[in-house]
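These notes are about the structure you will find just below.
In each ligand, atom 1 is the first atom listed, and ligand 1 is the first ligand listed. Because only heavy atoms are used, hydrogens play no part in the values below, and waters and symmetry mates are left out as well, while side chains stay in.
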Amino acid sequence: MNKIDKITQKVKGNLRENVSLKDYNTWKVGGKAEYFFEPHDLEDLKIFLNLTSDEKVTFLGNGSNVLIRDNGIKGYVVCLKKSLNNFQIYGKNKFIFEAGLSCMKIAQISAKHNLTGLEFLCGVPGTLGGALKMNAGCYGGNIWNNIVDVTLINKRGNLVKRTKDDFKISYRNVEIDENNFFVSASFNLKENKMNNSQNIIKDFLKDRRSNQPTGLPSCGSVFKNPKNLFAAKILDSLGLKGYRIGGAYVSEKHANFIIAERSAKSEDIEKLISFIQKKVYEDTKISLETEVKFIGTK
Ligand SMILES: Cc1cc2nc3c(=O)[nH]c(=O)nc-3n(C[C@H](O)[C@H](O)[C@H](O)COP(=O)(O)OP(=O)(O)OC[C@H]3O[C@@H](n4cnc5c(N)ncnc54)[C@H](O)[C@@H]3O)c2cc1C
């Protein structure tokens, strides 16, 4: 019996070989995962990680902040977006959300309970796990602001609880041991005395529609904003809107967004990113850092 058959016998989730990752990231590009696993639930994830503890494992949420390379990802890709999407409410204002829940759902659930602080998540097209890793934020909100503690799973499938103070949290990044992955987080939220969370959500979504190329394949903002500056403004001032390499081009609506056409390869996007960084540095001496994470074989 081969390795995959042995694992398949012991887990309830879906384990497949050679799976195209194009449908698992918002740029819709990239190669294949050597092995792709969608756990049934947390228990299933524990069993799976225990069986693969010596192998390379990459976690993926909704793939909305990654550039998956054309040569794909070696080892196992674990995707949480279809599972680990339960939540519990404790007392009046404490939630535990699982890491596969979409940010949009989390915004809606907390708004429905008339609790405020997570409305900003409504337009972030990721999962909670990805948002925690990326320290997602916008409109003055930030995912780690209301966190009490988080639960991680390690490569052997054991759970570890950590408080916010255990992490080095910086702009669009949180450092975690590469063998640990988020499985849930608990939040302490405030009652919304104004009872206006649904209106706040509507306003945020309206603002996104008017300022961002929503609906087109992108990864949101590609570059981090340099201190006291906006990456989009820098790119716009250098005439980069519309600049293209292959099937990838800089959005005319928001210069920090790169749009991938159907024909785009991951390589087109990576080349365009490098071109922009080089041009910006030559013209302004500013080094633009990417927000998006590059994953997979070069
Ligand atoms: C149109 C658009 C608008 C966006 N707007 C915003 C915005 O306003 N603010 C903002 O901050 N971001 C924004 N983003 C970026 C993105 O949606 C967020 O960073 C989101 O939180 C990423 O979540 P994800 O599940 O898609 O993560 P993925 O892209 O799947 O993964 C991102 C990183 O997290 C790691 N990861 C994923 N899951 C886990 C886990 N469970 N444990 C440990 N590591 C994990 C991955 O390995 C990868 O390194 C936008 C993206 C798009 C496409």
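Distance from atom 46 (C) of ligand 1 to its nearest protein heavy atom, with residue and atom name: F59 O, 3.3 Å. Counting protein heavy atoms only, atom 44 (N) of ligand 1 is closest to K133 CB, 3.8 Å. From the protein, the heavy atom lying nearest to atom 28 (P) of ligand 1 is G63 N, 3.7 Å. Scanning the protein heavy atoms around atom 20 (C) of ligand 1, the nearest turns out to be S64 OG, 3.7 Å. Considering only non-hydrogen protein atoms, atom 48 (C) of ligand 1 sits nearest to V66 CG1, 3.7 Å. The protein heavy atom nearest to atom 19 (O) of ligand 1 is N65 ND2, 2.8 Å. Nearest non-hydrogen protein atom to atom 53 (C) of ligand 1 is G220 N, 3.3 Å. Nearest non-hydrogen protein atom to atom 12 (N) of ligand 1 is E291 OE2, 3.9 Å.
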Problem set entry | Evaluation steps, side chain to side chain donor-acceptor pair (under 3.5 Å), between E98 and N85 | CA-CA 5 Å; E98 281 193 317; N85 43 28; over 6 Å; no
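Residue I276 is grouped with residue L229 when hydrophobic side chains (ILVMFWY) are merged at heavy-atom distances under 4.5 angstrom, including chains of intermediate members. Transitive grouping of hydrophobic side chains (ILVMFWY, heavy atoms separated by less than 4.5 Å) brings I258 and I286 into a common cluster.
Judged by a 6.0 Å distance limit and a 45° cone about the ring axis, K206 is not positioned over the six-membered ring of F204.
For a threshold of 3.5 Å applied to N or O pairs, the pair formed by F181 and ligand 1 contains no separation below that value. The N/O atoms of C138, backbone and side chain alike, include none that comes under 3.5 Å of an N/O atom in ligand 1. Taking any N or O of N62, backbone or side chain, at least one lies under 3.5 Å from an N or O belonging to ligand 1. Between T127 and ligand 1, at least one N/O pair is under 3.5 Å apart. Considering backbone and side-chain N/O atoms, G123 never comes within less than 3.5 Å of an N/O atom of ligand 1.
Looking at K168 and E175, a side-chain N of the basic residue comes within less than 4.0 Å of a carboxylate O on the acidic one, giving a salt bridge. With salt bridges taken as basic N to acidic carboxylate O contacts below 4.0 Å, one links D236 and K241. Using a 4.0 Å cut-off between charged side-chain N and carboxylate O, E43 and K46 make a salt bridge. Using a cutoff of 4.0 Å between basic side-chain nitrogens and carboxylate oxygens, E267 and R69 are not scored as salt-bridged.
If you look at A136 next to ligand 1, the close heavy atoms, those under 4.0 Å, come from the backbone and the side chain alike.
The two residues A231 and N225 have their closest heavy-atom pair at N-OD1, 2.9 Å.
Residue L80 approaches ligand 1 through these ligand atoms, each under 4.0 Å from one of its heavy atoms: 41 (N). Each of the atoms 51 (C), 52 (C), 53 (C) of ligand 1 lies under 4.0 Å from some heavy atom of C219.
A centroid separation of 6.0 Å or more is found between the aromatic rings of F95 and F187. Residues Y243 and F275 bring their aromatic ring centres within 6.0 Å.
Across the listed options Y139, F294, F182, F182 owns the non-hydrogen atom lying nearest to atom 41 (N) of ligand 1. Which of C122, G100, P125 comes nearest to atom 14 (N) of ligand 1 through a heavy atom is settled by distance: it is P125. For atom 5 (N) of ligand 1, the choice among R208, K293, E178, M134 with the nearest heavy atom turns out to be R208. The nearest non-hydrogen atom to atom 18 (C) of ligand 1, considering only I143, T58, V124, comes from V124. By heavy-atom distance, the residue among G130, C79, G141 lying nearest atom 38 (N) of ligand 1 is G130. The option with the heavy atom closest to atom 10 (C) of ligand 1, from among S221, A131, P217, G137, is G137.
Residues F257 and L235 fail the side-chain proximity criterion, which asks for heavy atoms closer than 4.5 Å.
Taking a 6.0 Å sphere around CZ of R244, one finds it holds more than 12 heavy atoms contributed by other residues, nucleotides or ligands.
No option in F48, Y24, Y76 other than Y24 meets the ring-ring contact (aromatic ring centres under 6.0 Å, His included) test with F36.
Distances from ligand 1 to the non-hydrogen atoms of R172 include at least one value under 4.0 Å.
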